[in-house]
Visitor: 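Got a structure here, written out as structure tokens. Questions coming.
So that the names make sense, note that chain A is the first sequence line, chain B the second, and so on, each numbered from 1.
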2 protein chains.
Amino acid sequence: MDSETIKQIRKLVQEYAYSSIQMHEAVARRAGFSGTDHRYLGFLIERGQMTAGELSNLTGLTTGAITGLIDRFEKKKLVKRRFDKDDRRKVIIEPNIKSIMALFEPLYKDFRSMSEKLTASFTEKEIEIVRIYLTKSIGIMNETANKLDNR
Amino acid sequence: MDSETIKQIRKLVQEYAYSSIQMHEAVARRAGFSGTDHRYLGFLIERGQMTAGELSNLTGLTTGAITGLIDRFEKKKLVKRRFDKDDRRKVIIEPNIKSIMALFEPLYKDFRSMSEKLTASFTEKEIEIVRIYLTKSIGIMNETANKLDNR
DNA sequence: TTAAATATCTTAGACACTAAGATATTTAGC
DNA sequence: GCTAAATATCTTAGTGTCTAAGATATTTAA
């Protein structure tokens, strides 16, 4: 493999990350979220219900910040608080998938349609290459993040 | 193209975005940056010097926030302010590439090495597929972000 | 020459974050 | 069973970054 090619791909991956973040920020602004709340809703959608403490670990925010986060989401009826029946200290955050989706789906509609068209423009064999690339990259990024957070 | 495959890729792309953001956040924490400053330094590295106003447009922050941002970076000697010689109202932000790199490179070292190994594990033809996929995805994300920001 | 436009900075107030401690509940040792 | 320690979340005080509005400095255009 040409070292020039490797360099080119590295640059592309970096650009991809920035474009991705920019798009997420733009969506957040449109949905009326300040800062990072959009991302945390994403976690909740992706992983489903979790306790306040789990969300704290996942996001790196203190439990105090998480309390405020849940308050904001609850006020917008995007999540519900529920005490764990086996451990009443724990607060389970139940995302209201429907309301969250209804909020963001219109904003992602065009993106989704264009992305699907892009995927469909590849052959099955080609998209399998992309699939492998993405999967392994995700693994590498998670490993890096965990290492940096001493986990 | 199988609709199941398309769905799978969509999910993967989403997961990729979250892992990428998580890793960037972890790096930022380690480098001693609160919040979003890491990302803005990334813009400066990627695009090179720019005026305060350009950074304001790019980030969506007000000019007041940009003033504070540059102050923080300048205090850490990561950028320098310079007046544009043709228009002395403009403040050109000159990133100190060396100091910024020195700050982040150790944190990205392992990631970079793993990523390069991953890229090298594909054939030239395969990586060309990945290259096309990433390039077109970047285009789609930029278009989406611009549309949402009414640009 | 001067008014309008432009680019950045300043300031006051809003909001989310951390750190530390309070509260409520569970676990473990006796 | 009782009590101390541990755990999970919430509360509070203080900090930092953001926006909105207006100030300042410079350029452009009439």
Visitor: Could you check how far CD1 of A/Ile92 sits from P of D/dA8, rounded to whole Å?
Guide: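 From A/Ile92 CD1 to D/dA8 P: 13 Å.
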Visitor: Verify the cluster assignment for A/Met101 and B/Tyr18: are they in a single hydrophobic cluster under the rule of side-chain heavy atoms below 4.5 Å apart?
Guide: yes
Visitor: 5'-most contact on DNA chain D: B/Ile66 or A/Thr63, nearest heavy atom basis?
Guide: A/Thr63
Visitor: Base, sugar-phosphate or nothing for A/Gly68? Non-hydrogen atoms, less than 4.0 Å.
Guide: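 Answer is nothing: A/Gly68 stays at 4.0 Å or more from every strand.
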Visitor: Check the distance between C/dC15's P and A/Phe33's CZ and give it to me in whole angstrom.
Guide: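 For the pair A/Phe33 CZ and C/dC15 P, the rounded distance is 15 Å.
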Visitor: When you measure from the side chain of B/Thr67, which nucleotide among C/dT8, D/dC18, D/dC10 comes out closest?
Guide: C/dT8
Visitor: Rounded to the nearest angstrom, tell me the gap between atom CZ in A/Phe83 and atom C1' in C/dA24.
Guide: 9 Å
Visitor: Less than 4.0 angstrom from a charged side-chain N to a carboxylate O is my criterion; do A/Lys125 and A/Glu128 meet it?
Guide: no
Visitor: Less than 4.0 angstrom from a charged side-chain N to a carboxylate O is my criterion; do A/Glu105 and A/Arg112 meet it?
Guide: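 Salt bridge between A/Glu105 and A/Arg112, a charged N being under 4.0 Å from a carboxylate O: yes.
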Visitor: Looking at A/Thr62 and C/dC17, is any side-chain donor or acceptor paired with a base atom of the opposite kind under 3.5 Å?
Guide: no
Visitor: Specify the separation, in whole Å, of atom CE of A/Met50 and atom C1' of D/dT9.
Guide: 16 Å
Visitor: What is the distance from CD1 of A/Ile70 to P of D/dA8, rounded to the nearest Å?
Guide: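 About 14 Å, once rounded to whole Å.
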Visitor: Look at the side chain of B/Val91 and decide which nucleotide, out of C/dA7, D/dT19, C/dC9, has an atom nearest to it.
Guide: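 The listed nucleotide nearest to B/Val91's side chain is C/dC9.
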Visitor: Using the side-chain heavy atoms of A/Arg89, tell me which of these nucleotides is nearest: D/dT9, C/dA16, D/dT7.
Guide: D/dT7
Visitor: Considering heavy-atom distances to DNA chain D, does B/Asp86 or A/Asp87 have its closest nucleotide positioned more toward the 5' end?
Guide: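 Result of the comparison: A/Asp87.
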Visitor: To the nearest angstrom, how far is B/Asp84 atom CG from C/dT8 atom C1'?
Guide: 13 Å
Visitor: Can you tell me how far CE of A/Met141 sits from OG of B/Ser115, rounded to the nearest 0.5 angstrom?
Guide: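 Here the rounded value is 8.0 Å.
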Visitor: Assuming nearest nucleotide by heavy-atom distance, tell me which of B/Gly53 and A/Leu69 is located more 5' along DNA chain C.
Guide: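 The residue mapped nearer the 5' terminus is B/Gly53.
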Visitor: State which of C/dC17, D/dT9, D/dC18 makes the closest approach to the side chain of A/Tyr40.
Guide: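 Looking only at heavy atoms from C-beta outward on A/Tyr40, the closest nucleotide is C/dC17.
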Visitor: Between B/Phe73 (CZ) and D/dT17 (C1'), how many Å, whole number?
Guide: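 About 12 Å, once rounded to whole Å.
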Visitor: Any base atoms under 4.0 Å from B/Ala52, or only sugar-phosphate, or nothing? Heavy atoms, all strands.
Guide: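 Contact class for B/Ala52: sugar-phosphate only.
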Visitor: Is B/Asp149 paired with A/Arg29 through a side-chain N to carboxylate O contact shorter than 4.0 Å?
Guide: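 Looking at B/Asp149 together with A/Arg29, the answer is yes, because their closest N to O distance falls below 4.0 Å.
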Visitor: State whether A/Arg88 places a side-chain N or O below 4.0 Å from either non-bridging phosphate oxygen (OP1 or OP2) of C/dT26.
Guide: no
Visitor: Just how far, in rounded Å, is P of D/dA8 from CZ of A/Arg82?
Guide: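 After rounding, the gap between these two atoms is 17 Å.
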Visitor: Mind checking B/Thr51 for me? I need base, sugar-phosphate or nothing, with any heavy atom below 4.0 Å counting as a touch.
Guide: sugar-phosphate
